[in-house]
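Comments concern the structure below.
Side chains included, hydrogens not; waters and symmetry mates left out as well; all remaining heavy atoms used. Fair warning: this is a prediction, and the values are worked out from it, not measured in the lab.
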Amino acid sequence: MRKIMNRTMSLLLVAVMAFSLAACGASGDNSGAAPAESKAAGETAGAQTGSSGEKIVNVGVTDTLGSLNPLQLNGGEINKYATALMFLPLMELDADLNFQGMVADSITTEDNKNFVVHIDDAAKWSDGTPITAEDVAYTALRLASPVINNTAMMYYVFEGVGDDGFVEAGADSVAGINVIDEKTVQFTTKEAMSLTTFQNSYARYLLTLPKHVIEKYSEEELATADWFNKPDVISGPFYVTDYDVDHYISYKANPDYWRGAPKLDKLNIKIVDGSQLYAGLQSGEIDITQHTMSVIPPEDYASVEALDNVEVIYGSPVTNQSMFIQTGNIPDVRVRQAMLYAINREQILNELLNGHGEVVDGFLSSASPFFDDSITPVPYDPDKAKALLADAGWDGSQTLRFYVNSGDSTFVNAATVMVAQWAAVGIKAEVQTVDFATLMSVAGTRDYDILAVQYTYAPVDPYPDVAWLLGGEGSWTGYGDAQVDEALRATQLTSDMEETKQLYSTVDKKVQEDVPMISAYIISAQGAVNKRLTGAVPSVYGFFNDVQNWDVAE
């Protein structure tokens, strides 16, 4: 399961944790000017009709851009959504966690191994050329190219693709990706996979490219081609006009968008520090934020709520503040159970997040259709913790190394509280605050006792992440269990929602019992939208699905 982790870890970490990579090529302006100072980052203060009559909207986000090349997609939130404004995925989740067709209008399977993707008959490129199955197959093969070497989007699950995730250099076909007709392509997996996993882990991240335009480039050239910086043939609602990886991305409308011409003339994504979002929303320089790309600090929630010019919308609880315990270093389950009993998670949620979230045990939150609300979270019980430690013969001499992302100020505070609560029952721990890059390096070594990250387990498809994280030696927990393994395998063989729910319930109950991971809290993040903006609603999923309908009230 390690290879799945290589891919899904980058896919599913929330924006505050997403990777920051170098741009695939020179941006239009690398001057480093701040968004407010750069004409390319928005010529107006916010959502309004400018002096030229143009309607312009500014989206505030808090993570830097890696690349706008779909072949270099790393799965970070801003990387995916900023690129998908030009190149649509096959499917996307909507705000209600239903799969919405984008380039594809259906994906079906009869055996959980052969997945038939049908391209929408109306789908076309901005130059009027129909989007075809050849475009989809060509893009998938390039994503699996060893020359392009995108290790974040691993296709090893498909027949004919090597276990390293790659096809042969220059391959124009492979057994697991077959064009059936002009509008139909079939993907065949080596092992059983649920339809939901295929849709969520592959269809949402395959941003189809126009084969008839870019096949002139060699695979070596595709990795860095300047064409991707300002592509002239797209499938999505907006063309990029300029960007700076640290500050902004500017777009203009695609009047030939096949799903309907955008009502906006221009869209800007402004990249700012989280502490600047409140001021931007207050002044109107930022019109809308989104729950995973735009991390508003919890200490600013009340101030944003008090603004008269914006509407505040809290997202569904999907971001899990996970604490992974390296069970090889803390092998006694009674000690791990004591660590859980010793933490007052409800207090931390209420005092540090003003109650905007929930406490659960395991991986699934109430946002998931597979959530089992009969699992009662382990309560705060320091006396129980002390008793468990006494039974385990814990002498208190060991100091646990607790690694935390220094960029997550809320959890740094939470970790300090936890260390004090552990100390009260006889567990010594020392918080090691490191930047995210260092945290991921430490995670790779498994040289820690506890490692905390914000992690989004896709509500409709937690399988890839959970299977790896509980995958035994080499995983972030080092924990393996035959009952868990069997339940997870079974999720890939059924389409029955109730059966799937029971299988994930089995997993979460075992996690509650054996404590290889502690869910500190699930965050229900704040989003906000200027009241002048219509048709736009902050949502955890589906934020840009129908961006062509966004408008500015006169």
Side-chain angles (χ1 to χ4, degrees), residues 1-2 4-14 16-17 318-333 335-343 345 348 359-365 377-378 398-408 410-412 414-415 418-419 422 427 429-458 462-481 484-485 488 507-508 510-523:
M1 299 308 300
R2 185 179 305 180
I4 286 182
M5 182 61 184
N6 287 341
R7 178 179 186 277
T8 56
M9 183 62 200
S10 62
L11 296 185
L12 303 177
L13 284 175
V14 291
V16 71
M17 295 291 186
V318 298
T319 303
N320 190 318
Q321 182 63 66
S322 298
M323 300 162 55
F324 301 105
I325 299 174
Q326 190 54 239
T327 56
N329 295 341
I330 309 175
D332 195 317
V333 66
V335 175
R336 301 197 301 269
Q337 290 170 345
M339 292 170 65
L340 179 55
Y341 275 107
I343 303 171
R345 292 180 289 172
I348 291 170
V359 171
V360 304
D361 281 338
F363 293 93
L364 301 187
S365 75
V378 168
Q398 181 179 352
T399 299
L400 303 180
R401 297 161 299 160
F402 187 10
Y403 282 86
V404 175
N405 177 20
S406 60
D408 182 358
T410 300
F411 191 72
V412 170
M418 291 178 188
V419 166
W422 283 333
I427 299 172
E430 183 178 87
V431 174
Q432 305 283 340
T433 54
V434 296
D435 62 38
F436 181 66
T438 302
L439 189 70
M440 290 300 95
S441 177
V442 171
T445 68
R446 283 81 177 174
D447 186 18
Y448 54 86
D449 300 308
I450 314 147
L451 182 137
V453 293
Q454 287 186 11
Y455 206 134
T456 299
Y457 309 100
Y463 167 76
D465 292 277
V466 176
W468 190 88
L469 290 163
L470 303 182
E473 185 178 353
S475 71
W476 280 9
T477 62
Y479 170 86
D481 178 84
V484 167
D485 292 345
L488 288 171
V507 174
D508 277 349
K510 284 294 292 182
V511 170
Q512 183 183 61
E513 178 183 342
D514 293 346
V515 200
M517 165 267 195
I518 295 173
S519 173
Y521 46 75
I522 314 290
I523 302 168

Main-chain N/O of Gly444 paired with Arg446 side-chain donor or acceptor, under 3.5 Å: yes
Full working for side chain to side chain contact (heavy atoms under 4.5 Å, CB included) between Val484 and Tyr479: CA-CA 10 Å; Val484 167; Tyr479 170 86; 4.3 Å; yes
If you look at every heavy atom in Leu488 and Ala467, which pair is closest and at what distance? CD1-CA, 3.7 Å
For the OG atom of Ser441 and the CG atom of Asp447, what is their distance to the nearest 0.5 Å? 10.0 Å
Gly474 and Trp468 have their tightest heavy-atom pair at O-CZ2, 3.3 Å
Do Ser365 and Asn320 have side-chain heavy atoms sitting under 4.5 Å apart? no
Would you find a donor on one side and an acceptor on the other, under 3.5 Å apart, between the side chain of Gln326 and the backbone of Ile450? no
Just so I know, are the side chains of Val511 and Pro516 near enough to count as touching, which here means a heavy-atom distance under 4.5 Å? yes
The criterion is salt bridge (Lys or Arg N to Asp or Glu O under 4.0 Å); which residues satisfy it with Asp435, sequence neighbours excluded? none
Out of curiosity, Met517 CE to Leu469 CG, how far, rounded to the nearest 0.5 Å? 8.0 Å
Side chain Arg336, main chain Ile518, donor-acceptor under 3.5 Å: no
Quick one: closest heavy-atom pair of Tyr403 and Tyr448, and the distance? CD1-CB, 3.6 Å
Quick check: do Leu400 and Gln398 have side-chain heavy atoms less than 4.5 Å from each other? yes
So which atom in Arg345 and which in Pro377 form the shortest heavy-atom distance, rounded to 0.1 Å? NH2-CB, 3.9 Å
CA sep, side-chain torsions, deciding dist, call: Phe411, Tyr521, side chain to side chain contact (heavy atoms under 4.5 Å, CB included): CA-CA 10 Å; Phe411 191 72; Tyr521 46 75; 3.4 Å; yes
Rounded to the nearest 0.5 Å, how far does CD of Glu513 lie from CG of Asp481? 8.5 Å
Give the minimum heavy-atom separation between Val404 and Leu439, together with the two atoms involved. N-CD1, 4.0 Å
About how many Å separate CG of Asn405 and CD of Gln321, when rounded to the nearest 0.5 Å? 8.5 Å
Decide side chain to side chain contact (heavy atoms under 4.5 Å, CB included) for Ser322 and Trp476; before the verdict, give the C-alpha distance in whole Å, the side-chain angles of both, and the deciding distance to 0.1 Å. CA-CA 11 Å; Ser322 298; Trp476 280 9; over 6 Å; no
Taking Met339's backbone N and O only, do any of them form a donor-acceptor pair with Trp422's side chain (distance below 3.5 Å, no angle check)? yes
Straight-line distance of Glu430 CD to Asp449 CG, nearest 0.5 Å: 10.5 Å
Check: Val431 and Met418 side chains under 4.5 Å, non-hydrogen atoms: no
Would Gln337 and Val378 count as a side chain to side chain contact (heavy atoms under 4.5 Å, CB included) if you check the C-alpha gap in whole Å, the side-chain angles of each, and the deciding distance to 0.1 Å? CA-CA 9 Å; Gln337 290 170 345; Val378 168; over 6 Å; no
Closest non-hydrogen contact found for Ser519 with Gly362 is CB-O, 3.7 Å
With distance as the sole test, does Thr327 use its side chain to make a donor-acceptor pair with the main-chain N or O of Thr477 at under 3.5 Å? yes
Atom pair CG (Leu470) and CG (Asp465), whose distance is rounded to the nearest 0.5 Å: 10.5 Å
Evaluate the side-chain proximity of Val453 to Met440: yes if any heavy-atom separation is below 4.5 Å, no if none is. yes
